[in-house]
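Have a look at this one before I ask anything.
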Amino acid sequence: MRSTVRLRLVLVAILLLTLAGAAPARAMGPRWQIFSSSIPTNLPPGGEGKVFVSVTNIGDGSVNAAITPVTITDVLPPGLTPVSIASHTFVQGLEQGSEGTPCSLSPMPTCTFSGPEPFEPALDVLGPLDGIMELNITVKVEKPLGTVASLPNEVRVEGGGIPPKSVARTVTVNGAETQFGIEQYEFIPENEDGSTDTQAGSHPFQLTSTLGLNTTFGSGFEGPAALPKDLHVALPPGLVGNPGAVPQCTS
């Protein structure tokens, strides 16, 4: 069994856990995982904030962006107006130049990633769990009719020789200060083809876990509302993880 865990503080890190009793297996090619959130978690009514998008290849095959460029689109909800957009690419843990990544705000925020240059190594060889493509979209926030509004935000990714995928998340417009807490959490058992494993008593090929903390934004600071000291994870019965199997991340 393979497990990937995502902990977002400011950037996104992937931690591989070696599971007891795991048998080697191979996934059926590359596939996408999409993560999106707002910065701050409570977008200020009448102010500005950001929408953060991260796309990762979590399959066992490589993405070929040289043949078919990878396009990431954020369908912002009414009430959020895009002001600017910045893209970042991380390959083998290192940030790559994004000057050659074409992005546009109209008709909706979109960036297209392709190889070979200016990426070193080239993005056209984006291997399994090897790279992350990110968008940071600055938005103007309208004042909602009520005190709090939950708005639907959809992210779409296509290209790279992988079937397209979209994910819908809600963003919150709220004048209250963002407090420390968990913004998003998922724990998904998956089959080898990427579908959700719903068979009781089965041995999932992969566990994909996402943990996003509430974030704040302003005065040059962008990060969690408070730094976490300890994270306690209660694993389901039958699942044993070994977090010491890989080096500790800097965050």
Side-chain angles (χ1 to χ4, degrees), residues 1-19 27 30-42 50-60 63 72 74-75 88-90 93 126 128-137 150-157 162-172 178-198 204-216 222-228 230-236 239 241-243 245-246 248-251:
M1 182 188 294
R2 185 179 70 176
S3 177
T4 62
V5 177
R6 171 165 297 180
L7 168 63
R8 187 178 82 79
L9 300 177
V10 178
L11 302 177
V12 177
I14 295 179
L15 173 66
L16 298 181
L17 301 185
T18 301
L19 303 181
R31 58 191 180 87
W32 298 122
Q33 184 189 44
I34 303 173
F35 178 88
S36 69
S37 65
S38 61
I39 307 172
T41 300
N42 291 339
K50 291 185 178 182
V51 173
F52 173 84
V53 175
S54 173
V55 175
T56 309
N57 170 23
I58 63 169
D60 272 4
V63 174
I72 303 174
D74 194 308
V75 185
H88 303 275
T89 307
F90 299 86
L126 184 61
L129 301 174
D130 186 36
I132 301 172
M133 294 168 285
E134 294 182 352
L135 306 185
N136 279 280
I137 307 166
S150 294
L151 307 177
N153 182 66
E154 181 184 2
V155 178
R156 303 170 182 169
V157 58
I162 307 179
K165 184 175 182 178
S166 64
V167 168
R169 296 282 188 266
T170 59
V171 295
T172 301
T178 299
Q179 302 295 320
F180 177 79
I182 295 176
E183 177 188 19
Q184 186 180 143
Y185 175 70
E186 291 180 336
F187 187 82
I188 305 175
E190 297 169 329
N191 295 310
E192 191 171 358
D193 62 359
S195 61
T196 302
D197 184 358
T198 59
F205 167 74
Q206 176 169 290
L207 292 171
T208 299
S209 304
T210 302
L211 174 62
L213 302 177
N214 290 345
T215 57
T216 56
E222 179 180 310
L227 292 176
D230 298 301
L231 294 175
H232 300 277
V233 181
L235 296 175
L239 180 62
N242 178 18
V246 295
Q248 184 176 8
C249 64
T250 56
S251 295

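Fair warning: this is a prediction, and the values are worked out from it, not measured in the lab. In what follows, every heavy atom counts, from backbone to side chain, and hydrogens, waters and symmetry copies are set aside.
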**Under 3.5 Å donor-acceptor, N153 side chain and T170 backbone** = no
**Prompt:** Just by distance, do the side chain of T41 and the backbone of T215 share a donor-acceptor pair under 3.5 Å?
**Reply:** yes
**Fill in**
Minimal heavy-atom distance between F187 and S209, with the atoms involved, is CD1-OG, 3.0 Å
**Prompt:** Quick one: are E190 and P204 in side-chain contact, heavy atoms under 4.5 Å?
**Reply:** no
**Message:** In the structure I gave you, are the side-chain heavy atoms of P164 and W32 within less than 4.5 Å of one another anywhere?
**Reply:** no
**Message:** What I'd like to find out is whether the side chain of L211 reaches to under 4.5 Å of the side chain of I182, using heavy atoms alone.
**Reply:** yes
**Asked** Measuring from E134:CD to T56:OG1, what's the distance to the nearest 0.5 Å?
**Response** 8.0 Å
**Main-chain N/O of N42 paired with T178 side-chain donor or acceptor, under 3.5 Å** = yes
**Item:** Q184 (side chain) donor-acceptor with S36 (main chain) under 3.5 angstrom
**Value:** yes
**Message:** Quick one, E186 with Q33, criterion side chain to side chain contact (heavy atoms under 4.5 Å, CB included). Give me CA distance, side-chain angles, the key distance, then yes/no.
**Reply:** CA-CA 12 Å; E186 291 180 336; Q33 184 189 44; 5.6 Å; no
**Request:** To the nearest 0.5 Å, tell me how far I34 CD1 sits from E154 CD.
**Result:** 9.0 Å
**Item:** Nearest non-hydrogen partners of F35 and G212, listed with the distance
**Value:** CZ-CA, 4.3 Å
**Prompt:** Taking C-beta and beyond as the side chain, do E183 and S38 meet within less than 4.5 Å on heavy atoms?
**Reply:** yes
**Prompt:** Are Q206 and I58 side-chain neighbours, meaning at least one heavy-atom pair lies under 4.5 Å?
**Reply:** yes
